[in-house]
Every structure is written in C-alpha cells, then in structure tokens.
Amino acid sequence: MKLYEKYPVSLTNSLSGKKEVFEPLNAPFVGIYSCGPTVYSEVHLGNLRTFTSFDVVYRYLSFIDYKVRYVRNITDAGHLTNDAGQGVDRIEESAKLESLEPMEIVQKYTNSFHEVCQLFNILPPSIEPTATGHIVEQIEMVNTILANGYAYVANGSVYFDVRKFMEKHTYGELSGRNIDELLEGTRDLDRQDEKRNSVDFAIWKAVSPNHIQRWNSPWGLGIPGWHLECSVMSSKYLGRQFDIHGGGMDLKFPHHECEIAQSVGAYGKEPVRYWMHTNMLTVNGEKMSKSKGNSFLPKELFSGTHPLLDKSYSPMAVRFFMLQSHYSSTLDFSNEALSAAEKGYKKLSSSLTFIKSLNHPGTSTSDSSIDQTLKALVASCYQNMSDDFNTATTLAVLFEMSSRINDFKSGNVLLSNIDPTVFDTFKKAYVGFMENVLGLKQESGVSDHLLEGTIKVLIELRKKARTDRNFALSDKIRDDLKAIGVQLKDGKDGEITYSIE
RNA sequence: GGUCUCGUGGCCGAGCGGCUAGGCUGAGCUCUGCAAAAGCUCCUACAGCGGUUCGAAUCCGCUCGAGACCUCCA
C-alpha cells in the first residue's frame, strides 16, 4: 500500500473554494505548475513565502510515494507593468536602469534567485522553463487561439477576445469576477486603445524596433504576452490538463484567470484540476511588496541591516517562521515572531541532531503504551500534512516528538522499553518530516574545522577542571565562551555539548 | 463602489459543531557544584450583539474593526 493511499491528501481548491480530496489524473504521477519569479530584480521575503509553500507541497507529495513532476517557470520576457497598451517592460526597464543587456539582467537575477532558493533549502523544480526558450510554442498557441476565433490582431499585437470567449465559455470563475460589470466599463475605454474591450488582454504584444528584447512573428516584431507563457509551458510539460497549479493570491486575477481562458480557448478544456493559492506575507498588517517599500531582501534578513529588523535571522529560522502558519492565511512579519521562531527551530533542530546519532540497542522488553504513543505521533504527522498541507499542526506534532526524544536523551524513557521497529519508524519519521518534508535542515553552527577543534580542546580542559573540582576555572571557560556566543551544556553523564548562539 | 478574506490568551499562530493545539514570553518546582539544556506544573482566549442547536471559536444574521483583489505584484 502506497503512503498516499494510506493518508489521502485533501486540499483547498480555489476553483470551488472548498477542501477536496486530491485525486491525480494518472496516479502515481502528479503534475504541479507554479508561477515562478519575473527576473528583473531580487526576490523579497514575500515572494519567498509562496516558493516555500509549494516547495513543501512538492516535497510532501514526493514523500508519500507520488511521482511528481514539478514545473516552475522563470519569466524572462514579456512581463509588462500592465496590459493596457502603455505598459513598461520590466526586464527592459531594469536593463536600462542598470545599463545591462536584458539577458544580463535575466541571468543576474536568475542566479540570485537560485542562490536564495538554496539558502532557504527550496528544492529545484523538475523543470524550470523560461519564456524566452518557448517563443516558438507561444507563437503556435497564439495561432491556435486565433484560429479558434478567440483572438484578434490589432496593429501587430494579438488580443484575447474575452467577450467572444464568453459566448461559449465562462470567464472569471476562479476569481469570482462579475464580468458583465467589467464589460460595462468598456465604454470608458480610451479611444486610442487597440483593445475591443478593457478586459481583453495581450497574448502577443507588438514592440518598436528599438525594444531590445523582440522576436519575429506572423504579426511582426513583438514579445509574448505574460499570461501566455504559463499556459504554454504548463501544457507542454504537464499536458493540456494537469493536477495542481499554484501561485500567490495576487495572481488569481487576472493572471490565472487569463491562463484558463487561453487554454480553454486553444484546447477546449479546463487546464487545471486543483488551483492552490498562497496568502500574503504582511508587515504591520499590510501586504509586503516592492511598491509599498516594506519588503526585505533575504540578504538583509541575514545581515540584519534593514531598518525594520532588530537583528539578523538565519534562513532556517525564517523558513520555520513561515511554516508555523498555514499557507492560506496571511502571515504577519515581526521581530518578536521571528525571534520566537528562531528559538523554536533550535529546539527541533537539536532533537534532530540527537536522534540522528541515536541507535536502538536491539533487544527490548517492550512497553506497549510508549510504543502506541510513538506510533500515533508518526501517523499524526502524515495526517496533518495530508490535511491541506497543514505545516502548522505538523510542527506541533514534531514538538511533541521532540519532547519524547529529549526523554530518550535524559534517560526518562529507556530505549530498551521500546520496540526496535517502532523506534526505527519514529526516528525515520522525525528525520523525514523535518528534513525531507518541511525542509528544515540543520544549520551547522560551526563551519570551520579549526574552530570546531578549538572548542573541543576547551571542552576537554573544562572537563578536567570539573573533575578536579576547579569550578573557578571551569566557569571561566564556560563564561568566556558564552561571551563570544558558544553555549556549553553539561550532560548528566559528564559529556559536554555546545551550541552556537 | 464591486468581489472576497480575516478579527483567537502578553506576543505569534492552529482550529472546518462536542474532545489538550503548538511555539515564544512570564511564574514555580525537579535535575545540576553553579549555570545552560531538559522534565513537570501554572497563568489564559476565541471582536460585539442576536439566532440555529442538546451543544458553537467553529453554522446563520447584523454591528464594529483590519486587510486583499478589482492596474503590475508571490
């Protein structure tokens, strides 16, 4: 029996607004697409929340035996600041600002995005396609939509004809938009606009010859529409209908709505079975965004240099902070919350370190009540994650497990009272959910062998001092190390461990 | 203005009609040469007002407050 059969996943489908049982089209295969970054500047913490959320979805579905293909794109062309016709091309704009080639901008911020992902332990997707790598396919899709009569050409641009589309299909379903009202607004449309209706959107956009990024098409020089690339790349790698499409709440309209329309307009069927939307990271109750000026860059977080930050925070503390809330709730940033998260993470992390090195002696006089408790905790991890990827409740279970691990450590509970198989399952689950599912890896306090060795020497000296009952000296070693951020902990058995503050 | 979401204890945050969330902080105890860590215990909530129900933080209505989307945004 596969794990996903034992712990069936349910998730909130934005399309219905309800929690539904997840049934992949072709189990055990699962296709996930999530909207990646537009690489015109550095990603901020808010962006990262979404990527972290889908990273966990990807990790968990893989963990419970699904064969997941996870596609996350890089938008490196065609992202205008609006569809209305006078929009500025984000990549071009940054290129001018930084005096670089557009593709240099793309490379620079793609690299930076990858570095940040690595720091936050966000796994690379199975496929990371780029818009510029799929110009041919995008032109093909525009042609298909034109052939189906759902688009029109105007001055070298191609627009999706929403009103025409609505004669046979629905538009606005995902975001709950009242399109009649949107169409009402059409009368106010600027006369100079090439669009027939204000709700129409560009699937191919003509550009002038001095636009650096441009491609030849049947309609002249231009760039692909932003909404189009996701439709093209998702259908290319996951099929015309696939399981999960994710993204931030703010992409629901118009981006995802347009994706649906394009795919239906081209291929005649709903592209996505389950839509998942992550909620926003807020600062003092307001959405974190570049335009509001309340966003931090990851590196500002690690250095603690941003004015809104009291101190620096490690990537795993931040990851833990995000996982403590549900992906569909807003999460409010604050120094207090982050400090609390940092301590909580350290607690779980030290249990992780300990249990990894702990092995069952082999024989046991089994105490079934402890075995039952441990087994229930393991099952609870799966149940919580299968329940709409509830990382918050899963963490609560992990804290419970951490307490049990500390019982092993202190000798409150003897391993000889635990069935070896149960212990093995428990250990694998704790390590697995921490590292593989939630992606909370251990942050090595000391990366330097020299330093590590030096601390060990000092620990040996302190042990000697303690056995000699030279407490003045042993306290001095401990206090002086503490002053530079190394906390020593005396174990019952005389062993001394340390942690870096 | 339209659409929608949210309002939980000192703080952050789960909760999807009945059963302990959890973390951080604070207080006490145990262990310890003293600390730290750990263990145990305690403090405590569901914005307000009505309604449905045997029973509501959880469902319905109203009021107040906050936010998101409706233009680009994870």
Side-chain angles (χ1 to χ4, degrees), chain A residues 12 17-19 34-38 43-54 79-84 86-88 90 172 175-178 181-182 184-185 198-199 226 246-255 277-282 284-292 295 320-321 324-326 328-348 350-351 384 387-388 390-400 402-403 405-407 409-413 466 469-471 474-475 478-479 482 487-492 496-499:
Chain A
T12 305
K18 288 180 183 142
K19 202 187 278 185
S34 92
C35 295
T38 300
V43 291
H44 66 248
L45 204 61
N47 303 310
L48 231 40
R49 187 186 183 202
T50 299
F51 301 131
T52 304
S53 297
F54 289 108
H79 197 158
L80 304 180
T81 48
N82 71 49
D83 283 331
Q86 70 276 35
V88 181
R90 290 197 180 286
S175 56
R177 277 302 104 101
N178 185 338
E181 261 173 35
L182 290 175
E184 283 291 310
S198 60
V199 283
W226 174 46
M249 291 269 295
D250 49 358
L251 294 185
K252 219 174 183 181
F253 187 89
H255 186 58
H277 287 97
T278 57
N279 217 129
M280 301 292 106
L281 181 69
T282 60
N284 297 322
E286 284 202 322
K287 176 182 171 182
M288 179 180 283
S289 69
K290 278 173 200 162
S291 52
K292 283 190 174 158
S295 62
F320 177 94
F321 164 70
Q324 262 193 314
S325 72
H326 189 84
S328 65
S329 306
T330 53
L331 172 63
D332 199 54
F333 169 89
S334 72
N335 282 284
E336 262 185 315
L338 223 46
S339 298
E342 187 173 50
K343 288 184 185 169
Y345 162 71
K346 277 187 179 167
K347 198 168 177 174
L348 291 184
S350 67
S351 297
N384 282 295
D387 182 11
D388 206 5
N390 198 329
T391 53
T393 49
T394 303
L395 279 173
V397 179
L398 288 174
F399 273 107
E400 189 65 36
S402 161
S403 289
I405 292 168
N406 286 328
D407 281 339
K409 194 175 181 178
S410 64
N412 286 348
V413 172
R466 288 187 75 210
R469 302 193 69 78
N470 184 351
F471 295 125
S474 73
D475 285 358
R478 184 178 64 199
D479 295 346
K482 166 98 177 155
Q487 174 72 58
L488 296 185
K489 298 166 197 170
D490 300 339
K492 265 185 180 167
I496 301 175
T497 55
Y498 68 92
S499 63

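Proteins come first, then strands; the chains are lettered A, B, ... in the order of their sequence lines, and each starts at number 1.
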I need the NE2-C1' distance between His79(A) and U71(B), as an integer number of Å. 11 Å
Under 4.0 angstrom, heavy atoms only, what part of the nucleic acid is Met280(A) near: base, sugar-phosphate, or nothing? base
Between C1' of G33(B) and CG of Asp479(A), the distance in whole Å: 14 Å
What does His326(A) touch in the nucleic acid at a heavy-atom separation under 4.0 angstrom: a base, only the sugar-phosphate, or nothing? sugar-phosphate
Which heavy atom in Arg466(A) sits nearest to a heavy atom in Phe471(A), and how many Å separate them? O-CE2, 4.3 Å
Could you grab the distance from atom CE of Met288(A) to atom CG of Leu331(A), nearest 0.5 Å is fine? 9.5 Å
Mind checking the CD1-OG spacing from Ile405(A) to Ser350(A)? Nearest 0.5 Å is all I need. 9.0 Å
Name the nucleic acid region contacted by Lys292(A), choosing base, sugar-phosphate or nothing; use a 4.0 angstrom heavy-atom cut-off, strictly under. sugar-phosphate
Which ranges of RNA chain B pair up as stems, where a stem means three or more consecutive Watson-Crick or G-U pairs with both distances under 3.5 Å? B:1-7 with B:64-70, B:10-12 with B:22-24, B:26-30 with B:38-42, B:47-51 with B:59-63
Roughly how many Å is it from NZ in Lys482(A) to C1' in A36(B), rounded to a whole number? 7 Å
Please state whether the phosphate of A74(B), meaning OP1 or OP2, lies under 4.0 angstrom from any side-chain nitrogen or oxygen of Lys252(A). no
Heavy-atom protein contacts under 4.0 Å, nucleotides 19-30 of chain B, coded B base, S sugar-phosphate only, - none: --BBSSS-----
Provide the distance between the two C1' atoms, one in G1(B) and one in U52(B), to the nearest whole Å. 33 Å
Work out how far the P atom of A45(B) is from that of U3(B), and round it to whole angstrom. 37 Å
When rounded to the nearest 0.5 Å, the distance separating CZ of Arg478(A) from CD1 of Ile496(A) is 9.5 Å
Counting heavy atoms from C-beta on, name the nucleotide in C16(B), G33(B), A35(B) closest to the side chain of Asp475(A). G33(B)
From CG of Asp407(A) over to P of A38(B), roughly how many Å is that when rounded to an integer? 12 Å
Atom pair OG/CZ of Ser295(A) and Phe333(A) - distance to nearest 0.5 Å: 11.5 Å
Are Ser329(A) and A14(B) close enough that a side-chain N or O sits under 4.0 Å from OP1 or OP2? yes
Residues within residues 44-54 of chain A bordering RNA chain B, heavy-atom distance below 4.0 Å: His44(A), Gly46(A), Asn47(A), Thr50(A)
Taking atom C1' in both U25(B) and U44(B), compute the distance separating them and give it to the nearest angstrom. 13 Å
d(CZ, Arg478(A); C1', A36(B)) in whole Å: 7 Å
Over how many whole Å does the gap from Ile496(A) atom CD1 to C34(B) atom P extend? 16 Å
Can a donor-acceptor pair be found, under 3.5 Å and without considering hydrogens, that links the side chain of Arg49(A) to the backbone of Asn279(A)? yes
Heavy atoms, side chains only, cut-off 4.5 Å: are Leu281(A) and Leu48(A) in contact? no
Pairing donors with acceptors under 3.5 angstrom, does anything connect the side chains of Thr282(A) and Asp332(A)? yes
Here the gap from Ser328(A) atom OG to Met249(A) atom CE, rounded to the nearest 0.5 Å, amounts to 9.0 Å
What distance, rounded to whole Å, do you find between the two C1' atoms, one in C64(B) and one in G50(B)? 15 Å
Using whole Å, report how far NZ of Lys489(A) lies from P of C31(B). 21 Å
Closest to side chain of Leu331(A), choosing from C72(B), G13(B), C69(B): G13(B)
Distance check, P atoms only: C42(B) and G23(B), in whole angstrom units. 14 Å
Give Leu488(A) one of three labels, base, sugar-phosphate or nothing, depending on what nucleic acid heavy atoms sit under 4.0 Å from its own. base
Kindly point out which of A74(B), G2(B), A68(B) is positioned nearest to the side chain of Leu281(A)? A74(B)
Could you check which of C16(B), C34(B), C70(B) has an atom nearest any side-chain atom of Arg466(A)? C34(B)
Identify which one of Thr394(A), Thr391(A), Leu395(A) satisfies the side-chain contact (heavy atoms from CB on, under 4.5 Å) criterion when paired with Asn384(A). Thr394(A)
Taking the P atom of each, how far is U58(B) from G48(B), in whole Å? 10 Å
Is Ser402(A) reaching over with its side chain to a backbone N or O of Leu398(A), donor-acceptor style, under 3.5 angstrom? no
Asp388(A) (side chain) donor-acceptor with Asn390(A) (main chain) under 3.5 angstrom: no
By nearest-nucleotide position on RNA chain B, the 5'-leaning member of Ser410(A) and Ser289(A) is Ser410(A)
For RNA chain B, whose closest nucleotide is more 5', that of Lys19(A) or that of Lys409(A)? Lys19(A)
I'd like the P distance from C4(B) over to U63(B), given in whole Å. 16 Å
Is there a donor and acceptor pair, one atom on the side chain of Asn279(A) and one on the base of A68(B), closer than 3.5 Å? no
To the nearest Å, give me how far apart CG (Leu251(A)) and P (A68(B)) are. 16 Å
Which whole number of Å gives the distance between the C1' atom of G55(B) and that of A47(B)? 23 Å
Does the side chain of Lys482(A) reach to within under 4.5 Å of the side chain of Leu488(A), using non-hydrogen atoms? no
Find the distance between OG (Ser329(A)) and CD (Gln324(A)) and round it off to the nearest 0.5 Å. 12.5 Å
Return no unless some side-chain N or O of Asn412(A) is found under 4.0 Å from OP1 or OP2 of G39(B). no
